[in-house]
Amino acid sequence: MTNRKTAKTSNNASSQTKRTQKSRQQSSRTQKPNATASSSSIMPLLLVVIFLAGLIGAAQQHMLPIGIVGIYFTLSLLSFIAYAIDKSAAKRGKWRTKESTLHLLALMGGWPGALFAQNVLRHKSVKASFRNVFWLTVIANLAVLAYGIQTGAIDMFI
């Protein structure tokens, strides 16, 4: 009789330990450490603010036509709206915005709004292939902007 009780007790303890471990594994998958989440979400937002402030400063110093600033703000707003619509559609299981459309908006100059949306809405922020292409569009856009400022070719657009 004692052996049976000992066996039951050890089985109960073993199953309880397994449940506790499983619960810890599930919670570790769903929860992110606060320090990491906050620092990783602040950096992109800081990048957006610095970039847009730099654009405004460049326009005030007559290094950049004010229309370019307007284009970046307009495309950023459109990008943010596109991400919000896509996030809503994803939640409802409806038709989604093509990733190529989101990338095209970013490439054309809407990347600050797209980056802001990715962090605020928590949308398209995990898929590595999407993020890689997104950062390539940011680099390409900044390279074209820098080239346009350096050569004066940007004045042709406005």
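In what follows, residues are counted from 1 in the order of the sequence shown.
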Are Trp111 and Phe51 an aromatic pair by the rule of ring centers under 6.0 Å?
yes
Following the transitive rule for hydrophobic clusters with a side-chain heavy-atom cut-off under 4.5 Å over Ile, Leu, Val, Met, Phe, Trp and Tyr, establish whether Leu75 and Val48 coincide in one cluster.
yes
So do the side chains of [X] and [Y] get within less than 4.5 Å of each other, counting heavy atoms only?
X: Lys98; Y: His103; answer: no
X: Asn119; Y: Ile42; answer: no
X: Ile154; Y: Val144; answer: no
X: Leu145; Y: Leu64; answer: yes

Under the 3.5 angstrom rule, does the side chain of Asp86 hit a backbone N or O of Ala82 as a donor-acceptor pair?
no
Donor-acceptor under 3.5 Å (Ser76 side chain, Tyr72 main chain):
yes
To check you understand the geometry: which heavy-atom pair defines the closest contact between [X] and [Y], and what is its length?
X: Phe134; Y: Ala114; answer: CE1-CB, 3.7 Å
X: Leu105; Y: Leu78; answer: CD1-O, 4.4 Å
X: Ala89; Y: Arg96; answer: C-CD, 4.0 Å

Excluding sequence neighbours, so at least two apart, what forms side-chain contact (heavy atoms from CB on, under 4.5 Å) with Ala146?
none
Going by the rule side-chain contact (heavy atoms from CB on, under 4.5 Å), which residues pair with Ile56 if we only count those two or more places apart in sequence or in a different chain?
Gln60, Val69, Phe73
With Glu99 via side-chain hydrogen bond (donor to acceptor under 3.5 Å, both in side chains) - residues at least two apart:
Lys124, Lys127
